[in-house]
Every structure is written in C-alpha cells, then in structure tokens.
Amino acid sequence: MSTLVYAPTGWGWFPGSVMGGVSAEDLPDMPLLARISDPQRRNAALVDMLKDRPALLAILRPRDLVRKYGLAQATASMLLTKARNHP
C-alpha cells in the first residue's frame, strides 16, 4: 500500500486532499460487498466509495475494479463513469 500525502492549507490543493502517492492498491477492502445480493445496492455502495476518494477516482481504470472486487469489465466501466460524473 502506498503512502498518502495530504495537502496542507495554502499549497494550491484543496486542504486535506491527497497530493500524491495514490494507486489502485489503495482501494479499500470491502468484505461485506459480497453479502449484498441486490446488484443495484452493491453498485451504489461502490459508486459512493469511489466518490469519496477523488484522488483515486482520477487514476483508476476499470480493470482495477475488476481485479479488486471481481466485477465484470462492463460493470466496472459503468461504475467509474457514474462516479466521475456525479453531481
């Protein structure tokens, strides 16, 4: 797992945002995800998690979600697009 560097106030980034050192390995383990039987609820949980991690969202590729959570490629692509385009 990489070391996250958070921006202090006045450095040009939003204070507290991740400046660097982020990778797909920083995706959280979500052991209870497999227990959600409704695909819409599972997908919503993943989108919410991704929206809360904008630094990760910027660098993730669908294959990262496929490897980590066992999603289908099309589902992973759809979830990334949805999280990136959230209001």
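Nothing here was measured: the structure is a model prediction, and the numbers come from that model.
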Show me the donor-acceptor pairs, under 3.5 Å and distance only, between side chains in residues 59-72 and residues at least two apart or in other chains.
{"from": "D64", "atom 1": "OD2", "to": "R61", "atom 2": "N", "distance (Å)": "2.9"}
{"from": "K68", "atom 1": "NZ", "to": "L27", "atom 2": "O", "distance (Å)": "3.3"}
{"from": "K68", "atom 1": "NZ", "to": "D29", "atom 2": "OD1", "distance (Å)": "2.8"}
{"from": "Y69", "atom 1": "OH", "to": "P28", "atom 2": "O", "distance (Å)": "2.6"}

Could you list the donor-acceptor pairs under 3.5 angstrom formed by side chains in residues 30-47, with sequence neighbours left out?
{"from": "D38", "atom 1": "OD1", "to": "Q40", "atom 2": "N", "distance (Å)": "3.4"}
{"from": "N43", "atom 1": "ND2", "to": "P39", "atom 2": "O", "distance (Å)": "3.4"}

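- By the salt bridge (Lys or Arg N to Asp or Glu O under 4.0 Å) test, D48 is found to be paired with K51, residues two or more places apart in sequence or in another chain being considered.
- When every heavy atom of L50 is checked against every heavy atom of A83, the shortest pair comes out as CB-CB, 3.8 Å.
- Applying the salt bridge (charged side-chain N to carboxylate O under 4.0 Å, His left out) test to pairs two or more places apart or on separate chains, none has a residue in residues 76-85.
- The distance from atom CG of L56 to atom CE of M49, rounded to the nearest 0.5 Å, is 8.0 Å.
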